[in-house]
Amino acid sequence: MHFIFTAIGSHGDINPILTIAMEMRERGHDVDFVAHAYFAEKLENAGIKHVVLGDLEQYKRTVNDPDLWIPRKAFPAVWRVLREGLEECYTVVRDLVVPGKTRLVGTTLAFGSRLVQEKLAIKMASVHLQPGVILSAYDPMAIPGLPVPAWLPLPLRKLLMASISRRVIDPVCKDDINRFRANLGLEPVEGIFSTWCHSPDLVIGAFPDWFAKSQPDWPPNTITTGFPLFNPGFEALSPELSNFLDSGTPPVVLTAGSAMAHSRAFFQTALEAIKKLEERAVFVSAFRDQLPESLPEGIFHAEYAPFGALLPGAAAVVHHGGIGTSAQSINAAVPQLIIPFAHDQFDNAARLERLGIALKADPHSPTRWARALRRLIDDSSLKQKCLGFAALMNNAPPAEKTIADHLERL
């Protein structure tokens with residue numbers, strides 16, 4: 001069988017889908033992987049055929065847009081990029097289709113693939129890496145500035161979620177999508193995130209049910225599987241980072257996300273908090289200009305590090321609440337301090353807090369960071385909870401294999 005995977009986003013969006021694609025290749029299927037040019041080296045190392053979207057200059061423009069990390073401006077910023085590449089994504093995926101043999105797999109924002117599915121009547125699986133993108137009145141997403149309190153009666157929650165879909169999300173993207181649909185001879189749609197972005201064939205929630213339980217208002221064809229973790233053999237810690245880890249006590253790992261090019265305040269706060277704690281630390285960021293010019297001897301900077309190898313040796317991890325980092329942290333049984341910026345990060349943070357394995361802190365308070373980190377590092381009962389959820393992950397069937405089983409049944 002021939003599978004076309006389309007993954008839109010940063011490393012946290014690409015890595016889990018690449019894990020699934022590698023599993024499908026191991027099972028003997030033909031695999032094409034449609035992703036941004038920025039990920040060419042990663043896909044080459046994985047031995048997966050990369051079909052390029054966009055160019056490096058486009059990726060740079062995207063991550064340099066400060067609106068991407070302001071909650072009320074974040075989705076319009078994302079949509080500007082998606083709109084710019086919608087026709088290219090549609091055309092690339094369409095031209096890869098082998099009639100009678102192809103199945104499509106796309107992340108939440110793989111709108112080009114979703115359009116190909118409708119136009120050519122091809123089976124497709126939507127893979128949602130985070131539960132917050134499945135809008136639900138029963139389990140409302142934590143949205144800064146647009147709270148849907150769980151204590152509200154269900155009919156009111158349904159009205160609020162419908163209003164958010166109709167008045168907040170659709171106005172950003174619906175008209176653009178429908179103009180493109182008209183060119184394809186497709187009928188107009190609405191409820192882009194509440195309905196349309198979910199494939200009618202299969203919706204995969206790539207997270208465990210103890211992280212987000214299936215809800216009555218989720219698409220009826222939804223299954224949850226667990227987190228597909230990206231821990232390939234071709235990625236390893238650098239010798240310098242390995243030496244640092246071996247030379248002292250377990251460090252605190254701090255990252256603002258692989259695409260966060262506006263993290264100067266984050267890392268300045270991190271530096272002050274680490275000084276207060278008198279702990280060692282690893283700062284992970286592809287953007288060296290966002291870090292303080294000089295770092296103390298006990299702080300190591302890595303442009304990139306495979307979290308599957310790094311986090312098991314950490315005392316705690318401070319991060320933005322991205323689902324990839326969250327999943328790797330759970331798997332490593334490492335307590336987490338979440339500093340969310342935008343997108344799904346607030347919802348992921350709320351779920352981690354409810355599990356009792358994470359805390360959230362003010363983004364600009366070194367004292368509160370230090371206090372929270374001290375609790376995370378020293379609280380033995382919290383550490384036991386981390387070990388318990390790590391055991392749940394490790395004792396479950398690998399999510400990429402479960403997902404592959406469902407894809408083969410398409």
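We number each residue from 1, following the sequence as shown. Given the structure is predicted, the values throughout are model-derived calculations rather than measurements.
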Closest non-hydrogen atom pair, [X] against [Y]:
| X | Y | result |
| --- | --- | --- |
| Asn348 | Pro131 | OD1-CD, 4.4 Å |
| Leu376 | Pro335 | O-CG, 3.5 Å |
| Cys89 | Gly112 | SG-CA, 3.8 Å |
| Lys385 | Leu355 | CD-O, 4.1 Å |

Between [X] and [Y], a side-chain donor and acceptor under 3.5 Å:
| X | Y | answer |
| --- | --- | --- |
| Asp362 | Trp369 | no |
| Glu235 | Tyr304 | yes |
| Glu84 | Trp79 | no |
| Asp217 | Ser136 | yes |
| Glu87 | Asn183 | no |
| Thr102 | His2 | yes |

Do [X] and [Y] have their ring centres less than 6.0 Å from each other?
| X | Y | value |
| --- | --- | --- |
| Phe389 | Trp210 | yes |
| Phe39 | Phe33 | no |
| Phe267 | Phe283 | yes |
| His343 | Trp69 | yes |
| His198 | Phe193 | no |

Heavy atoms, side chains only, cut-off 4.5 Å: are [X] and [Y] in contact?
| X | Y | answer |
| --- | --- | --- |
| Ile143 | Val148 | no |
| Arg179 | Asp175 | yes |
| Cys197 | His128 | yes |
| Met161 | Ser194 | no |
| Phe111 | Ile192 | yes |
| Pro366 | Lys276 | yes |

Mind running side-chain contact (heavy atoms from CB on, under 4.5 Å) on Leu184 and Tyr90 for me, showing each step along the way? CA-CA 11 Å; Leu184 299 176; Tyr90 173 84; 3.6 Å; yes
Would you please test Asp30 and Lys49 for salt bridge (charged side-chain N to carboxylate O under 4.0 Å, His left out) and show each step? CA-CA 9 Å; Asp30 294 329; Lys49 181 184 174 184; over 6 Å; no
Go through it in stages, so that I can follow the logic: the residues are Glu23 and Lys401, the test is salt bridge (charged side-chain N to carboxylate O under 4.0 Å, His left out), and I'd like the CA-CA distance, side-chain angles, deciding distance and then a yes or no. CA-CA 7 Å; Glu23 173 66 23; Lys401 295 186 181 297; 3.2 Å; yes
Would Asp405 and Arg27 satisfy salt bridge (charged side-chain N to carboxylate O under 4.0 Å, His left out), going step by step from the backbone distance to the final call? CA-CA 10 Å; Asp405 290 342; Arg27 296 184 180 206; 2.7 Å; yes
Going through the checks in order, is the side-chain contact (heavy atoms from CB on, under 4.5 Å) test met by Thr108 and Ser126? CA-CA 7 Å; Thr108 304; Ser126 297; over 6 Å; no
Carboxylate-amine/guanidinium proximity below 4.0 Å for Asp65 and Arg80: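 Yes, this pair counts.
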I'd like to know whether Asp347 forms a salt bridge (charged side-chain N to carboxylate O under 4.0 Å, His left out) with Arg351, so could you lay out the CA-CA distance, the side-chain angles of the two residues, the decisive distance to 0.1 Å, and finally the verdict. CA-CA 6 Å; Asp347 188 66; Arg351 294 177 188 278; 2.8 Å; yes
Leu254 CG to Leu337 CG distance, which is reported to the nearest 0.5 Å: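 That separation rounds to 8.5 Å.
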Gap between atom CZ of Phe266 and atom NE2 of His319 - 0.5 Å precision: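 Rounded to the nearest 0.5 Å, the NE2-CZ separation comes out at 9.0 Å.
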Taking ring-ring contact (aromatic ring centres under 6.0 Å, His included) as the test, write out the residues that go with His50, two or more places apart.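 Testing His50 for ring-ring contact (aromatic ring centres under 6.0 Å, His included), a comparison that skips the adjacent residues, returns none.
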Donor-acceptor pair, distance only, cut-off 3.5 Å: does the side chain of Gln336 make one with the backbone of Ala316?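 No, the answer is negative, given that no donor and acceptor are paired below the 3.5 Å cut-off.
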Sidechain-backbone polar pair: Thr19 side chain, Asn15 backbone, donor-acceptor under 3.5 Å: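 Between the backbone of Asn15 and the side chain of Thr19 there is a qualifying donor-acceptor contact (under 3.5 Å).
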Starting from the C-alpha separation in whole Å, work towards a yes-or-no answer on side-chain contact (heavy atoms from CB on, under 4.5 Å) for Met260 and Gln290. CA-CA 9 Å; Met260 182 33 142; Gln290 297 298 300; over 6 Å; no
I'd like to know whether CZ of Arg61 has more than 12 heavy-atom contacts from other residues, nucleotides or ligands below 6.0 angstrom.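 Buried by this count: over 12 neighbours within 6.0 Å.
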Test side chain to side chain donor-acceptor pair (under 3.5 Å) on His29 and Glu408; report intermediate values, then the result. CA-CA 9 Å; His29 300 291; Glu408 288 182 327; 2.8 Å; yes
Residues 199-206 side chain polar contacts: donor-acceptor under 3.5 Å, at least two apart:
from: Ser199; atom 1: OG; to: Gln117; atom 2: NE2; distance (Å): 3.0
from: Ser199; atom 1: OG; to: Met124; atom 2: O; distance (Å): 2.6
from: Ser199; atom 1: OG; to: Asp201; atom 2: N; distance (Å): 3.0
from: Asp201; atom 1: OD2; to: Gln117; atom 2: NE2; distance (Å): 2.7
from: Asp201; atom 1: OD2; to: Met124; atom 2: N; distance (Å): 3.0

Looking at Phe244, does the NZ or CZ of Arg280 lie under 6.0 angstrom from its six-membered ring centre and within 45 degrees of the ring axis?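 Yes, a cation-pi geometry holds between Arg280 and Phe244.
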Consider side-chain contact (heavy atoms from CB on, under 4.5 Å). Of Arg72, His262, Lys73, which one does Asp67 pass it with?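 The single option meeting the side-chain contact (heavy atoms from CB on, under 4.5 Å) with Asp67 is Lys73.
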